[in-house]
Amino acid sequence: MAKNLPKTYNPKDFEDRLYSFWNEGGYFRAEVDEAKEPYTIMMPPPNVTGELHMGHALNNTIQDILIRWKRMEGYEALWQPGTDHASISTEARVVEKLKGEGRSKDELGREAFIEEAWEWTRKYGGRINNQLKKLGVSCDWSREKFTLDEGLSNAVEEVFIRLYEKDLIYRGDRIINWCPNCRTAISDAEVEHEESMGHIWHIRYPIKGEDDYVTIATTRPETILGDLAIAVNPEDSRYYDLIGKTAILPLLNREIPIIADEYVEMEFGTGAVKITPSHDPNDFDIGHRHGLDQCLILNEDATINENGGVYNGLDRYEARKKIVEDLKKEDYLVDIKEHENSIGHCERCKTVAEPLISKQWFVRMADLAKPALEAYYKNELNFVPGRFGRVYAHWLENIRDWCISRQLWWGHRLPVYYCRDCDEVMVSREEPDRCTKCDSSDIYQDPDTLDTWFSSALWPFSTLGWPEDTEDIRYFFPTDVLVTGYDIIFFWVVRMVFSSIEQMGEIPFKDVFLTGLIKDSQGRKMSKSLGNGIDPLEVIDEYGADALRFTLVTGNTPGNDMRFYMERVEANRNFANKLWNATRFVLMNLDEELLRNDLGALKEEDRWILSRMNTVIKEATENLDRYEIGMAAQKVYEFIWEEYCDWYIEMVKPRLYGEDIESKGTAVNVLLHVLENILKLLHPFMPFITEEIWQHLPKRKEALMVSDWPVYSEDSYYPQVEKQMAYIMEAIKGIRNARQKMNIAPSRKAPLLCVTQDRGVREVLDYGRSYFINLSNASEITILEDKSAIGDDNLSVVLDKCEIFIPLRDLIDYDKEIDRLEKEKEKLEGEIKRVRGKLSNENFVNKAPKDVVDGEREKEKKYMDMMNRVVERLEGLRAK
RNA sequence: GGGCGAUUAGCUCAGUUGGCAGAGCGCCACGUUGACAUCGUGGAGGCCAUUGGUUCAAGUCCAAUAUCGCCCACCA
């Protein structure tokens, strides 16, 4: 029996040691075991080069709580870890690093660059995992995966080919979002729209052969370089006679047709729109309808290209400025107005993205979205909180094709080959020797890589060995719950769902638990640029992982953002300290020879704490079942601090210090038994301290983390005892209150004279003697049926069916006592008024459930009874 | 232009099916009893944003309003 717990709680002494103990002991491992039910969570793979932030800390804590709980419940619990290659982000960082060394991606060449990226990955890749370990995550590291692993890459290739063969992937010229900084196409989901005040320019275009103009409005004047038409609404009487005529593009003097298209809103702007098919999705469609050509005016870096005439080579914003100046100079500029519009930025680098035409690869979404929506509408896919289901559905209902090709090198290269001679497109696992169409041997592979999310979308099954038919897949898939931030519903959740349905024939998880964002104490988003981020590792270093974890999952509700306060971490560290010291107390009183297998003859307080524990087990488990993690944690917290520490330990002390060995033995065994269950209940939330304590307990088996989750038992439910104990506590609080109001020193013991005519109360008071003596500084307890012998020179505590007198005549300040009783009276008057108000309402009496009405009647009786005593006392005191 | 969330004690937030408003921190008073001052005991502090509705009964359900925040959207 290892007894000596150090005097103060110092998490640093054991957190790392315990993590190794668990990990090396194989407790995190999950294996196919047909005798057990599987429970599976796929960890959202963090970026391989990322660092742990509060968001990671939050959702990994939640996952760890769920997985530890289910593991203890007897499930074969798999928590699959791994990292994501994060193509665009990693590539950008490697490019940056090269730049610092005076090197560039282009001069290095593809192969050498990828080697650099692998180098980078090897250097920083382990970092985030080590950081996660500090948090206590119990995932199965032996199964760790990386999205660029061979197996996962096979899965990516397989899916690409399958989708291509089903015509769900196609290549085409479409308007995509181009990031001039990252130099790649990005998907719609990767564009962040930001509202800002800008300008709208009204520009007039001369009509060919007439002394007339048509005025258009634009927010991007530089795009006039790519104008190929002017469009008006066919119904617009103002422009009837212009339709079919030709306008002259200012500055470039290009001739462009004036066309009619219903897309144009007559009310907006001037009712005439310039059409730039290569730089706007709507214009692209209009161009398509009217057989217009394309005219791309931007280079990869968003400088103007050779189509821009004299503006060739200028940056897009310089060109804008110059063009506006020139338009003004030549009198084409009619007006400039303030205009609010939303501008798309690259989600990663915040550069303004340009919509432009480009030949890219796309996933055809319409057919894939359908079953993903159905799964939601059929309630197969359940969101926590539910409102996010509507966000998911709304996005899928309005989904557009997904641009998946990226002009990057770090990632999964498209399994696509082209023939240089006949331009044949070949999609295959291996590079073909010859063109399947013209038999040429001049073949090259598409240089592009896939959107990172294309591989993450397969995570729930690619990590289990798919496309091989593995035991793991049959056993662990589909998974049980996905835990992630609401900000990646579109990027990831949606894509995993439709990918799983398409490849596996079923949804990848039943529940989606969405966490909110962690903000700083002023409610601002934590960000690197603001420098207001709080490093979870620093918090762990100062207060321990348990305190951080507890802070992250309490005091807020799923899906809501939360502000992070160090004071809360400190409070939770104090809670850990409380438990630590309660354990020290138990261990200190624990004699080897007192330990028994049964608890012995239970006293009332024993039954009370066992009953309360039993209830907490039930409620906390139910809360966890409903993903009400914060509420479960709160209940365990309150049980430990208020009921176990503040009441039970105090109640039991006399027995521990007393002569009755039998009674002492029972107390010790109950203390230990309850403590063991407390550790189990708290373990998912605070794994380190609970395991550390567990390792110091006698009778322990192996590790707490693989012990059994406590189960509610009807046999340990003692409602009557709970009620009686509540009565005693009420009395003790009343006595303490009265004494404190009189400023009576705790050292001053006083006898209690309890007057009651009620037999039940009498019994309760009788067995409560030791509680009063120890918890309310009583010297002795006398129970009387009649108070006639008791004078007015006492303090008195009025209870339901009972009045307790404390004869301390020399210490009583009668004015204060009258004040105290007056307040009591006021309170009772309020209650009586409320209860009577209800009871005098016929509708209430007739329509409310009987037990509610009876309850109110009881209360009325009780309050009246107490009121009478208080009034009597007051009269007595005033008469003095 | 749509959609969503928040509004409860000085601060940050809970409040699960409608049935007497809670916690942590902070504040006030007292306390060195052999688990713990990272503590104990007692206390003060709330028209549950506003207005209407449903109901015997509303912080909780419904409808508007206001303020703050977020998401989505191809009106140049």
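All values below come from the heavy atoms of this structure, side chains included, with hydrogens, waters and symmetry mates left out. None of the values given here were measured: they were computed from a predicted structure. Proteins come first, then strands; the chains are lettered A, B, ... in the order of their sequence lines, and each starts at number 1.
Judged by distance alone, with hydrogens and angles left aside, the side-chain atoms of A:Asp401 form a donor-acceptor pair with the main-chain N or O of A:Met365 at under 3.5 Å. Looking at A:Tyr392, its side chain never comes within 3.5 Å of a backbone N or O of A:Val494 through a donor-acceptor pair.
Nucleic acid contact class of A:Arg400 (heavy atoms, under 4.0 Å, all strands): sugar-phosphate only. Contacts of A:Asn560 with the nucleic acid, taken as non-hydrogen atoms under 4.0 Å apart, involve only primed sugar atoms and P, OP1 or OP2. Here A:Tyr543 lies out of heavy-atom contact (under 4.0 Å) with every strand. Base engagement by A:Ala582 is indicated by at least one non-hydrogen atom pair under 4.0 Å involving a base atom. When heavy atoms are screened at a 4.0 angstrom cut-off, A:Glu831 is found touching base atoms of the nucleic acid. Counting any heavy atom pair closer than 4.0 Å across all strands shown, A:Arg563 reaches sugar-phosphate atoms only and no base atom. At a threshold of 4.0 angstrom between heavy atoms, the contacts of A:Trp641 are confined to the sugar-phosphate backbone, with no base atom among them. Residue A:Lys823 is classed as a sugar-phosphate contact, given heavy-atom separations below 4.0 Å to backbone atoms only. A:Phe268 comes within 4.0 angstrom of a nucleotide base, judged by non-hydrogen atoms across all strands. Within the 4.0 angstrom heavy-atom criterion, no nucleotide atom of any strand lies near A:Arg739. Using a 4.0 Å heavy-atom distance criterion, A:Asp283 is classed as making no nucleic acid contact. A:Glu195 comes within 4.0 angstrom of a base, heavy atoms only. Among the heavy atoms of the strands lying under 4.0 Å from A:Thr557 are primed sugar atoms or P, OP1, OP2 only; no base atom is included. A:Arg573 comes within contact range of at least one nucleobase, with a heavy-atom separation under 4.0 Å.
Where A:Arg220 and A:Ser342 each meet RNA chain B at their nearest nucleotide, the meeting point lying more 5' is that of A:Ser342. Each of A:Ile732 and A:Arg834 was matched to the nucleotide of RNA chain B holding its nearest heavy atom; the match closer to the 5' end belongs to A:Arg834.
Note that the first and last nucleotides of RNA chain B, 5' to 3', having any atom under 4.0 angstrom from a heavy atom of chain A are B:rC4 to B:rA76.
Contact check on A:Arg834 versus A:Glu829 returns no salt bridge, with no Lys/Arg side-chain nitrogen under 4.0 Å from an Asp/Glu carboxylate oxygen. A salt bridge links A:Asp541 and A:Lys12; the closest N-O separation between the charged side-chain nitrogens and carboxylate oxygens is under 4.0 Å. Salt-bridge check for A:Asp520 with A:Arg563: failed, with every basic side-chain N at 4.0 Å or more from each acidic carboxylate O.
Separating the CG atom in A:Leu327 from the CG atom in A:Leu333 is a distance of 6.0 Å, to the nearest 0.5 Å.
Under the 4.5 Å side-chain criterion, counting only non-hydrogen atoms from C-beta, A:Arg549 is not in contact with A:Leu552. Two residues are said to be in side-chain contact when any heavy atoms from C-beta on lie closer than 4.5 Å; A:Leu671 and A:Leu656 meet this criterion.
For RNA chain B, if you chain together Watson-Crick or G-U pairs that step i with j, i+1 with j-1 and so on, the runs of at least three with distances under 3.5 Å are B:1-7 with B:66-72, B:10-13 with B:22-25, B:27-31 with B:39-43, B:49-53 with B:61-65.
Shown for residues 390-398 of chain A: residues whose heavy atoms fall under 4.0 angstrom of RNA chain B, namely A:Arg390, A:His394.
Geometrically, A:Lys664 does not engage A:Tyr657 in a cation-pi contact, judged by NZ or CZ lying under 6.0 Å from the ring centre and within 45° of the ring axis.
One C1' atom belongs to B:rA9, the other to B:rC48, and the distance between them is 11 Å to the nearest Å. With P as the reference atom, B:rA49 and B:rU16 are 15 Å apart, rounded to whole Å. Remark: the separation of the C1' atoms in B:rC36 and B:rG31 is 15 Å, to the nearest Å. Atom name C1', nucleotides B:rU55 and B:rC62: the rounded distance is 12 Å, in whole Å. Taking atom P in both B:rG2 and B:rC61, one finds a spacing of 25 Å when rounded to whole Å. For the P atom pair drawn from B:rU8 and B:rG59, the interatomic distance equals 15 Å after rounding to whole Å. A distance of about 15 Å separates the C1' atoms of B:rG15 and B:rC20, rounded to the whole Å. Here the separation of B:rA73 from B:rG3, taken at their P atoms, is 15 Å to the nearest Å.
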Extract all donor-acceptor atom pairs below 3.5 Å that involve side chains of residues 853-860 of chain A and protein atoms in other chains or at least two apart in sequence.
residue, atom, partner, partner atom, Å
A:Asp854, OD2, A:Lys850, NZ, 2.9
A:Glu856, OE2, A:Lys859, NZ, 3.3
A:Glu860, OE2, A:Arg836, NE, 3.0

List the atom pairs, with distances to 0.1 Å, where a side-chain N or O of residues 382-391 of chain A and a protein N or O form a donor-acceptor pair under 3.5 Å, not counting sequence neighbours.
residue, atom, partner, partner atom, Å
A:Asn382, ND2, A:Asp511, OD1, 3.0
A:Arg387, NH2, A:Asn560, OD1, 2.9

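Partners of A:Lys519 according to the side chain to side chain contact (heavy atoms under 4.5 Å, CB included) rule, which considers only residues two or more places apart in sequence or in another chain, are A:Asp561.
For the residue pair A:Lys733 and A:Ser776, no side-chain donor N or O sits within less than 3.5 Å of a side-chain acceptor on the partner.
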